[in-house]
Protein chains: 4
Amino acid sequence: MPKLGMEPIRREALVRATIDEIGDAGSLHVTVSQIARRAGMSSALAHHYFGGKDQIFLAAMRRILSDFGAEVRVELANAAPDRRAEAIIRACFAPSCFSPRAISAWMTFYVMAQTNAEALRLWQLYQWRLRSNLTHALRPVASDPKALAATLAALIDGLYLRSALNDPDTPETATRHALSVLRLLCAA
Amino acid sequence: MPKLGMEPIRREALVRATIDEIGDAGSLHVTVSQIARRAGMSSALAHHYFGGKDQIFLAAMRRILSDFGAEVRVELANAAPDRRAEAIIRACFAPSCFSPRAISAWMTFYVMAQTNAEALRLWQLYQWRLRSNLTHALRPVASDPKALAATLAALIDGLYLRSALNDPDTPETATRHALSVLRLLCAA
Amino acid sequence: MPKLGMEPIRREALVRATIDEIGDAGSLHVTVSQIARRAGMSSALAHHYFGGKDQIFLAAMRRILSDFGAEVRVELANAAPDRRAEAIIRACFAPSCFSPRAISAWMTFYVMAQTNAEALRLWQLYQWRLRSNLTHALRPVASDPKALAATLAALIDGLYLRSALNDPDTPETATRHALSVLRLLCAA
Amino acid sequence: MPKLGMEPIRREALVRATIDEIGDAGSLHVTVSQIARRAGMSSALAHHYFGGKDQIFLAAMRRILSDFGAEVRVELANAAPDRRAEAIIRACFAPSCFSPRAISAWMTFYVMAQTNAEALRLWQLYQWRLRSNLTHALRPVASDPKALAATLAALIDGLYLRSALNDPDTPETATRHALSVLRLLCAA
DNA sequence: AATGAATGAGGATTCATTCAT
DNA sequence: GATGAATGAATCCTCATTCAT
């Protein structure tokens, strides 16, 4: 009697395992076997469900992006209209996005995007959404919302980067940093 | 007497080839053989001179850092006292540091720093120098030089990142962006 | 369900192939590929089952030791109480232990024991067992069983050595030699 | 002005270095470069003088044999006619032959002899001389000098073997052991 | 659905040896 | 006489991927 409906469960487990494994290893140098073992199945099954290593990685990247999107939506839902930019920044540094594991995986996908077209597309989508969200949110409070959005997006990436490299910055410090820049540049 | 003095030539060629190869490939997934071939020698000779793959990569990283340091020194030498921060920013986006290849290699070393202690040390050294230079340069013009230096450093890294990911930003755009943030935040 | 239970078969085949290959080559200078080919599989599979070259070699060494132990047990089971020492000596030169291949492999492992801790431990275990068995067996017939056991153990090793080096000694000659020394020294 | 008469000096240095290096490493896994470095010259020069690695090893083996022969001659020169067998045994365990280094090198050459014809010839020569010397020396004191010589030769090899494998036996213990067997078997 | 079995392709590293100077 | 330079050929090991069951 075959088990039914295993596919989504397996895929989910593999995606989680991929993020965790990359986060632990701190690099893309992670084998399919390691991921599969962590997900509690054989590497052959991982291939069966995803077709190949790249696809597993891309699925993990999509998952990180959608987690991020969800976080943004939650924060935006509770934000006053003139606090929407703050809310987005908070979402960026929320634990689900800014844990060491997530950061490590995130940074790693940047590298993947240098060679994999689909990964690049995903990153560009993320950038477009982030900037678009920020621009929209900044419209009530900034004189040049688009430029400020670009600045904040770059700053956020930079803060991710140094957090990935063991900078002792806590999420709180990073959040405070980004928020203070937001305030200063809105005032300017 | 044998042919003499090849060592510095070979090492130099390998370092160049490493940066170029990583830049072209857009990832650390570059073999010693590829590097050696590009440098016009056998992989055995590359090992002979550097001892191993990691050391070749670290030498390339050191080279990038020292190129950057030289660029900074040049720009600072020609800068008026109240333009020193600008000068540093210009150095960051000077062609020798901001060519697609250099950026790609640079980003790639970030990944290496996640697992290699010496690479991490080198990155931290770079960060410390950059921030220290910036802090010093900002003293005459900013109310909180240290905080502003941190912001600029993060912003610069973020701009590198998106440049590495095929953002159509030109060096000029990136420079203008960073300089404008500098001005706004000094005024604030 | 997949093909099952190959592991013990493969391991066994590899252990046999290792002993044969070393025996043929007459040295530790034997590659994993050679062994794997002789065992009818890829070198990758050999690594998969054993983890590395050293472990393959150690498994082969363990096999030789256990073959020897079995031979001793068989001979002892059929021996009169005052013939137990003779039985042990016969076991040492039984075909399964004293074939050219086995000797060659045996000698070769001696070399391995000079640099590999686990191999050394195995050799010491073998020595301890041999001497212990001999001492016990000699108690009824010798005045200083321990000293005589040490002498016989060294003599046996020496006879192995020259057999490994193409001495025309047959197993029978070697057995007769050792037995005659046993008799002489018991009488003394 | 070329240096004259360097050849014997270089060859001597290489032979010494080979023995020392093998002794230190405890195995044949010694590179020509290591040997040459220890001998204070380039590996190219080592090849120049010896033609290849095997020849270097064979030269070292010859040296060990001739050292042994010299030791035997010295001991025999000072021995009373009925003490000649004792003298040979003492020579076998004299420091120049029985130092850990010498033993390690010695054992290692046994392995070489399994594959190299010239090494085998040298070992056989050594055996022949040892047995011949012993037989001659035993004539006045043993009933079957030839058989006893064979026994002693094998015993001596066995004692070397266990000394090579870190048996705590000192040279003195080994000497006493061999001498006591000699006495017992002469009496028998 | 699931997996143990199996491998080919490749990658870092080592080393004896050759050669130009 | 002497050596730095240079390499081809190996060797261990890894890993994504395929397949039979």
Side-chain angles (χ1 to χ4, degrees), chain A residues 1-7 9-10 29-37 40-57, chain B residues 1-7 9-10 29-36 40-56, chain C residues 1-7 9-10 29-36 40-56, chain D residues 1-7 9-10 29-37 40-57:
Chain A
M1 194 167 29
K3 290 184 208 162
L4 293 177
M6 290 304 286
E7 173 150 0
I9 298 173
R10 295 300 198 185
H29 229 85
V30 159
T31 71
V32 174
S33 294
Q34 284 165 8
I35 293 171
R37 193 178 314 127
M41 72 193 82
S42 70
S43 68
L45 195 55
H47 273 89
H48 175 67
Y49 279 124
F50 279 98
K53 192 186 190 183
D54 278 6
Q55 321 259 236
I56 299 177
F57 275 64
Chain B
M1 252 186 291
K3 192 159 39 154
L4 282 179
M6 289 306 286
E7 173 150 359
I9 297 171
R10 293 303 198 182
H29 227 85
V30 158
T31 72
V32 174
S33 295
Q34 284 165 9
I35 294 172
M41 71 193 83
S42 71
S43 68
L45 196 56
H47 274 92
H48 174 67
Y49 281 124
F50 277 99
K53 192 185 189 183
D54 278 8
Q55 319 226 243
I56 299 177
Chain C
M1 255 187 292
K3 194 160 36 156
L4 282 179
M6 290 306 287
E7 174 150 359
I9 298 171
R10 294 301 198 182
H29 226 85
V30 158
T31 72
V32 175
S33 294
Q34 284 165 9
I35 293 171
M41 71 194 83
S42 71
S43 69
L45 196 56
H47 275 93
H48 173 67
Y49 281 124
F50 278 98
K53 193 184 188 184
D54 279 7
Q55 318 225 242
I56 299 176
Chain D
M1 191 167 31
K3 293 183 208 160
L4 292 176
M6 289 303 287
E7 173 149 359
I9 297 173
R10 295 298 198 185
H29 229 85
V30 159
T31 71
V32 174
S33 295
Q34 284 165 8
I35 293 171
R37 193 176 318 126
M41 72 194 80
S42 71
S43 68
L45 195 55
H47 273 89
H48 175 67
Y49 279 124
F50 279 98
K53 193 184 190 185
D54 278 6
Q55 321 258 240
I56 299 177
F57 275 63

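Below, read A as the first sequence line, B as the second, and so on, with proteins coming before strands; counting in each chain starts at 1.
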Judged by nearest nucleotide, the residue sitting upstream toward the 5' end of DNA chain F, Met6(B) or Gln34(A), is Met6(B)
Measure from CD on Gln55(B) to P on dA12(E) and round the result to the nearest Å. 14 Å
In whole angstrom, give the distance that lies between atom CG of Leu45(B) and atom C1' of dT13(E). 14 Å
What is the distance, to the nearest angstrom, from the CG atom on Leu4(C) to the P atom on dT3(E)? 12 Å
Rounded to the nearest 0.5 Å, how far apart are NE2 of His47(B) and CG of Leu45(B)? 11.0 Å
Rounded to whole Å, how long is the line connecting atom CZ of Arg37(A) with atom P of dT3(E)? 13 Å
Base, sugar-phosphate alone, or nothing: which one does Thr31(A) contact when heavy atoms must sit under 4.0 Å apart? sugar-phosphate
As its Watson-Crick or G-U partner within any shown strand, both distances under 3.5 Å, dT21(F) has dA2(E)
With a non-hydrogen cut-off below 4.0 angstrom, is Phe50(A) in contact with a base, only sugar-phosphate, or nothing? nothing
Measure NE2/His47(D) against P/dC19(E) and give the value in whole Å, please. 12 Å
State whether Lys3(C) places a side-chain N or O below 4.0 Å from either non-bridging phosphate oxygen (OP1 or OP2) of dA6(E). yes
Would one find a side-chain N or O of Tyr49(B) under 4.0 angstrom from OP1 or OP2 of dG4(F)? no
Ser43(D) side chain, from C-beta outward: closest of dA1(E), dC15(F), dT17(E): dT17(E)
Which nucleotide wins on minimum distance to the side chain of Ala44(C), given the candidates dT7(E), dT7(F), dA5(F)? dT7(E)
Look at the side chain of Gln34(B) and the backbone N and O of Thr31(B), then say whether any donor-acceptor pair between them is shorter than 3.5 Å. yes
Specify the separation, in whole Å, of atom CD1 of Ile56(C) and atom P of dT11(F). 14 Å
Figure out the CG/C1' separation between Asp54(C) and dC13(F), and round it to whole Å. 13 Å
Give a yes/no on whether any side-chain N or O of Arg10(B) is located under 4.0 angstrom from OP1 or OP2 of dG4(F). no
Note: Ala36(D) and Ala46(D) closest approach over all heavy atoms is CB-CB, 4.4 Å
More 5' along DNA chain E: Val32(D) or Lys53(B), using each one's nearest nucleotide? Lys53(B)
Quick one: closest heavy-atom pair of Val30(A) and Phe57(A), and the distance? O-CZ, 4.3 Å
What are the two closest non-hydrogen atoms of Met6(D) and Tyr49(D), and how far apart are they? CB-OH, 4.0 Å
Does any nucleotide pair with dA16(F) by Watson-Crick or G-U wobble geometry, both distances under 3.5 Å, and what is it? dT7(E)
Most 5' of Gly52(C) and Met41(B) on DNA chain F, judged by nearest nucleotide: Met41(B)
Measure the distance from NE2 on His48(D) to C1' on dT21(E) and round it to the nearest whole Å. 15 Å
